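All remarks here apply to the structure that follows.
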Amino acid sequence: MLTNKISKPSSLLTVTALAGVVSAIAIPAQADQWRGWNIHPPSYPNSVALESFADEVTEKTEGRIEPKVYHNAVLGDQPDAIEQTRNGALDFANFNMGPMGPIVPATNILSLPFIFKSPADMYRVMDGEVGDRFADALEEKNLVALSWFGSGARSLYNTDHPVETPADVEGLKVRVMNNDLYVQMIDELGGNATPMAYSEVYQSLKTGVIDGAENNYPSYESSGHYEVAKYYSLTEHLILPECLCVAKSSWDDLSAEDQGIVRQAAQHAAEEQRQLWEERARTSRQRVLDAGVEINEVEDKAAFQEKMQPIYDDFAASHPDLESLVEDVQTAQQ
Ligand code: GTR
């Protein structure tokens with residue numbers, strides 16, 4: 001009988017071959033499931049844009065890549081997430097350039113206080129050739145920046161009094177993002193800087209561990225910081241770009257076609273984020289006003305700017321190689 005003639009190895013071979021055929025027929029190619037980090041709650045402009053990015057990539061790659069966004073920093077704080085994306089444990093993220101400085105020194109140029117004259121200037125610089133040079137610097141550290149989001153202007157807020165002059169910052173304990181440059185920024189104003197994760201700020205304001213922090217309207221409002229720190233002073237000292245970044249290892253795994261799809265989806269997401277941002281900045285401002293926040297203009301911004309000069313001088317002394325890029329960012333706004 002035929003069955004008697006089949007030796008064990010060949011029957012195994014048949015089973016294996018059959019399994020191969022079955023899997024080829026029944027199971028579609030494995031989708032590449034991408035994990036994406038986001039610090040904000042789902043309704044935030046950046047979060048909505050990241051979801052659109054995920055949907056567009058899934059649809060246009062016909063499910064070859066399925067990005068999933070994890071909101072509210074559930075995958076870790078920003079400095080952690082930057083590391084995880086650099087080593088490929090995470091596939092994509094929306095990162096603020098503030099905490100990027102310790103890893104990618106060139107990005108500290110973007111953190112020099114008052115380097116950008118307005119959010120519109122920031123977009124123009126980052127969307128052009130100068131922005132590409134920041135993307136190159138990020139790529140050297142395994143982060144592929146595909147588009148730039150906006151984050152308005154950051155201003156100081158605290159629990160005690162309006163800040164109108166640099167002297168009003170004296171003695172205030174101010175939370176900053178994780179970057180020595182911001183420690184110096186607060187020091188130059190006579191305050192005490194405390195680098196701290198975003199997720200810890202609310203509680204720290206409430207318990208008096210810190211007196212204040214600095215951020216844009218949407219973050220000040222969505223984080224609830226306005227409930228505890230009622231004085232928001234329009235210093236507008238930082239206008240920081242944010243990237244939609246992909247891990248270099250995930251990027252390099254893509255075909256040229258899929259890279260094109262992902263890049264285009266990231267650009268669409270940035271367009272959407274920038275539009276949503278404008279609306280949200282207005283509604284956030286109104287919400288905090290309705291909640292009793294006192295917002296004050298800072299008449300003499302030049303006084304704050306002058307205090308920042310040592311930061312520029314120290315940066316020039318410690319990074320002579322980056323001086324021409326500092327100048328290019330400045331001249332691109334003239
Ligand atoms: C927000 C920014 C976040 C984070 C946060 C912070 O404006 O979008 O990425 O940097 O500020 O202050 O930590």
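What you see is a predicted model; the values in this text were computed from it and never measured. Heavy-atom basis, side chains included; hydrogens, waters and symmetry copies ignored. Each residue takes its place number in the sequence, starting with 1.
Not a single donor-acceptor pair under 3.5 Å links the side chain of Lys206 to the backbone N or O of Glu227. Between the side chain of Asp168 and the main chain of Thr165, a donor-acceptor pair closer than 3.5 Å is present. Judged purely by atom type and a 3.5 angstrom limit, Gln78 has no side-chain atom pairing as donor or acceptor with the backbone of Phe95. A side-chain donor-acceptor contact under 3.5 Å links Asn87 to the backbone of Ala89. Between the side chain of Asn216 and the main chain of Ser151, a donor-acceptor pair closer than 3.5 Å is present. A donor-acceptor pair under 3.5 Å is absent between the side-chain atoms of Asn96 and the main chain of Glu242, judged by distance alone. A donor-acceptor distance shorter than 3.5 angstrom exists from the side chain of Gln333 to the backbone of Lys117, with no hydrogens or angles considered. No donor-acceptor pair under 3.5 Å is formed between the side chain of Ser47 and the backbone N or O of Ser43. Distance alone, capped at 3.5 Å, places no donor-acceptor pair between the Glu164 side chain and the Glu299 backbone.
In this structure, Tyr182 and Pro195 have side chains that are not in contact, with every pair of non-hydrogen atoms separated by 4.5 Å or more. By the 4.5 Å heavy-atom criterion applied to side chains, Thr194 and Glu200 are not counted as neighbours. Using a 4.5 Å heavy-atom threshold, the side chains of Glu188 and Pro113 count as separate. Proximity of Tyr231 to Tyr226: side-chain heavy atoms (C-beta onward) are nowhere separated by under 4.5 Å. Annotation: side chain of Pro105 is in contact with side chain of His319 (closest heavy-atom distance under 4.5 Å). Residues Arg64 and Ile261 meet the side-chain proximity criterion, which asks for heavy atoms closer than 4.5 Å. With contacts defined as side-chain heavy-atom distances shorter than 4.5 Å, the pair Leu181/Asp314 does not qualify. Side-chain contact between Ser249 and Asp91 is absent, with no heavy-atom pair separated by less than 4.5 Å.
Residue Met308 holds its CE atom at 12.0 Å from CG of Asp313, rounded to the nearest 0.5 Å. Rounded to the nearest 0.5 Å, atoms CG (Asp55) and CD (Glu66) are 11.0 Å apart. In this structure, OG1 on Thr283 lies 11.0 Å from CD on Glu278, to the nearest 0.5 angstrom. For the atom pair CD of Glu271 and OG of Ser147, the computed distance is 9.0 Å after rounding to the nearest 0.5 Å. For the atom pair Leu244 CG and Phe149 CZ, the distance stands at 4.5 Å (nearest 0.5 Å). One finds the CH2 atom of Trp148 at 12.0 Å from the CD atom of Gln267 (value rounded to the nearest 0.5 Å).
No side-chain N or O of Thr159 forms a donor-acceptor pair with one of Asp211 less than 3.5 Å apart. A donor-acceptor contact closer than 3.5 angstrom is absent between the side chains of Asp258 and Thr61. Between the side chains of Asp290 and Gln286, at least one donor N or O sits under 3.5 Å from an acceptor N or O. Inspection of the Asn108 and Asn179 side chains reveals an N or O donor paired with an N or O acceptor under 3.5 Å. Asp121 and Ser118 form a side-chain donor-acceptor contact under 3.5 Å, judged by distance and modelled atom types alone.
Looking at Glu83 and Arg86, a side-chain N of the basic residue comes within less than 4.0 Å of a carboxylate O on the acidic one, giving a salt bridge.
Tyr232 and Tyr217 have their aromatic ring centers within a separation under 6.0 angstrom.
By the 6.0 Å contact criterion, CD on Gln275 is open, its count of non-hydrogen atoms from other residues, nucleotides or ligands being 12 or less. The environment of Gln309 atom CD is dense: over 12 non-hydrogen atoms of other residues, nucleotides or ligands sit within 6.0 angstrom.
Cation-pi contact between Arg274 and Tyr123: present, with separation from the ring centre below 6.0 Å and deviation from the ring axis of at most 45°. A cation-pi contact links Lys68 to Tyr70, judged by a cut-off of 6.0 Å to the six-membered ring centre and 45° from its axis.
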Determine, step by step, whether Arg154 and Asn215 satisfy the side chain to side chain donor-acceptor pair (under 3.5 Å) criterion, reporting the C-alpha distance in whole Å, the side-chain angles of both residues, the deciding distance to 0.1 Å, and the verdict. CA-CA 4 Å; Arg154 294 173 79 99; Asn215 223 315; 3.3 Å; yes
Applying side-chain contact (heavy atoms from CB on, under 4.5 Å), run through Leu289 and Arg285 and close with a yes or a no. CA-CA 6 Å; Leu289 280 172; Arg285 180 177 173 280; 3.7 Å; yes
Should Leu156 and His237 be marked as a side-chain contact (heavy atoms from CB on, under 4.5 Å) after you check the CA-CA gap, both sets of side-chain angles, and the distance that decides it? CA-CA 8 Å; Leu156 284 169; His237 51 278; 4.1 Å; yes
Hey, mind stepping through Phe134 and Val329 against side-chain contact (heavy atoms from CB on, under 4.5 Å) and telling me if it holds? CA-CA 11 Å; Phe134 288 101; Val329 170; 3.9 Å; yes
Apply side-chain contact (heavy atoms from CB on, under 4.5 Å) to Leu110 and Met126, showing your working. CA-CA 10 Å; Leu110 308 168; Met126 297 311 288; 3.8 Å; yes
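Of the residues Ile295, Val163, Leu238, Thr235, the one that meets the side-chain contact (heavy atoms from CB on, under 4.5 Å) test with Ser155 is Thr235. When each of His225, Glu214, Glu294, Lys230 is checked for a side chain to side chain donor-acceptor pair (under 3.5 Å) with Tyr157, only His225 meets the rule.
Put simply, Tyr198 and Tyr202 are part of two different groups of oily side chains (I, L, V, M, F, W, Y) that touch within less than 4.5 Å, one to the next. Under the 4.5 Å side-chain heavy-atom criterion for Ile, Leu, Val, Met, Phe, Trp and Tyr, Leu325 and Ile311 are members of the same hydrophobic cluster. Note: the hydrophobic cluster containing Val130 does not contain Val144 (ILVMFWY, side chain heavy atoms under 4.5 Å, direct or indirect links). A chain of hydrophobic side-chain contacts below 4.5 Å, direct or via other Ile, Leu, Val, Met, Phe, Trp or Tyr residues, connects Ile82 to Trp37.
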